[in-house]
Structure formats: structure tokens, C-alpha cells
Amino acid sequence: SLLVQHPTATFFMKVDSNRYNNMGIYYGDLLTIDRAKKIKPNSLVVYEAEGQFLLGRVFNIHTEALITGVITHVIHTVKES
């Protein structure tokens, strides 16, 4: 209940790239994505463009993209030493 406000509209995605490190999202992180959450200009979202799912802020998306949902949580993986 802490991570999912809209159970039927929420899904999870595991990050398999290092390309989002500048956003504080790292390889192996788990994202909570809510399709029912209202999209705002600064929302961090998952969107589909050119057959790929990408992450970005709404104001930075310049192409014809289909926004899949708003990222509500980023769960970092704790690595054991």
C-alpha cells in the first residue's frame, strides 16, 4: 500500500541500462509506474518512442511518443560487499 496507490493501473519495470544515472536511476533499479496518476510537466515518465521504452521528464520529450505512465517510486538495489 505504500508503493501502489492504484493497483489495477500500476506495474513494475526493472532498469537494464546505465543511461539514466544522471536522473539517479541505476542499472538493476525497480520502478513503480502508475498509469492512473495525473501527468504534469515535470513528471518523470516511461514513454515509448521508436519501439523502445525510455524514461524522461515530460518537458524533455520532443518526439511523437506514447507516455505509458508516471514513475512514482525508484527502488534501488542494495549490493552486498
Undergrad: Given the rule that I, L, V, M, F, W and Y join up when any side-chain heavy atoms are under 4.5 Å apart, are Val46 and Tyr27 in one cluster?
TA: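 No, it is not one cluster - the side chains of Val46 and Tyr27 are not joined through contacts under 4.5 Å.
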Undergrad: Are Phe11 and Leu54 joined in one hydrophobic group, where the rule is that I, L, V, M, F, W and Y side chains link up if heavy atoms are under 4.5 Å apart?
TA: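 Yes, because Phe11 and Leu54 connect within a single hydrophobic cluster, where side-chain heavy atoms sit under 4.5 Å apart.
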Undergrad: Can you see which heavy atom on His6 is nearest to which on Asp34, and at what distance?
TA: ND1-OD2, 2.7 Å
Undergrad: Please name the pair of heavy atoms, one in Leu55 and one in Tyr20, separated by the smallest distance, quoted to 0.1 Å.
TA: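 Reported closest heavy-atom pair: N-OH, 3.3 Å.
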Undergrad: Decide whether Leu31 and Val4 are clustered together by the hydrophobic rule: side chain heavy atoms of Ile, Leu, Val, Met, Phe, Trp, Tyr closer than 4.5 Å, transitively.
TA: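 Not linked; separate clusters.
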Undergrad: Of all heavy-atom pairs between Thr68 and Phe53, which one has the smallest distance, and what is that distance?
TA: OG1-CE2, 3.7 Å
Undergrad: Please report the interatomic distance CZ(Arg19) to CG(Asn21), rounded to the nearest 0.5 Å.
TA: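 Taking CZ in Arg19 and CG in Asn21, the distance rounds to 11.5 Å.
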Undergrad: Would you say Met13 and Met23 are hydrophobically clustered, going by side-chain heavy atoms of ILVMFWY under 4.5 Å?
TA: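 Both belong to a single hydrophobic cluster.
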Undergrad: Distance-only, no hydrogens or angles: does the Asp29 side chain make a donor-acceptor pair with backbone N or O of Tyr26 under 3.5 Å?
TA: yes
Undergrad: Tell me, with the steps shown, if Thr72 and Gln5 meet side-chain contact (heavy atoms from CB on, under 4.5 Å).
TA: CA-CA 10 Å; Thr72 56; Gln5 293 178 349; over 6 Å; no
Undergrad: Give the minimum heavy-atom separation between Ala65 and Tyr47, together with the two atoms involved.
TA: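 Heavy atoms of Ala65 and Tyr47 come nearest at CB-CD1, 3.5 Å.
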Undergrad: Go through the steps for Asp16 and Lys14 under the test side-chain contact (heavy atoms from CB on, under 4.5 Å), then give the verdict.
TA: CA-CA 6 Å; Asp16 64 356; Lys14 189 169 183 176; over 6 Å; no
Undergrad: Without swapping roles, check the side chain of Arg57 against the backbone of Asn42 for a donor-acceptor pair under 3.5 Å.
TA: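 Checked: pair present.
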Undergrad: For Thr10 and Thr32, run side-chain contact (heavy atoms from CB on, under 4.5 Å): C-alpha distance rounded to whole Å, both residues' side-chain angles, the deciding distance at 0.1 Å, then the answer.
TA: CA-CA 7 Å; Thr10 299; Thr32 304; 3.7 Å; yes
Undergrad: Do you reckon Leu3 sits in the same ILVMFWY cluster as Leu44, going by side-chain contacts under 4.5 Å, direct or chained?
TA: no
Undergrad: Between CZ of Arg35 and OG1 of Thr8, what distance do you get to the nearest 0.5 Å?
TA: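 The distance works out to 10.5 Å.
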Undergrad: Mind checking the CD1-NE2 spacing from Ile25 to His76? Nearest 0.5 Å is all I need.
TA: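 If we round to the nearest 0.5 Å, Ile25:CD1 and His76:NE2 are 8.0 Å apart.
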Undergrad: For the residue pair Val70 and Lys38, what are the closest heavy atoms and their distance?
TA: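 In terms of heavy atoms, the two residues are closest at CG2-O, 4.2 Å.
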Undergrad: Please evaluate residues Ile33 and Phe12 with respect to the criterion side-chain contact (heavy atoms from CB on, under 4.5 Å), reporting the C-alpha separation (whole Å), side-chain torsions for both, the decisive distance (0.1 Å), and the verdict.
TA: CA-CA 6 Å; Ile33 302 152; Phe12 298 89; over 6 Å; no
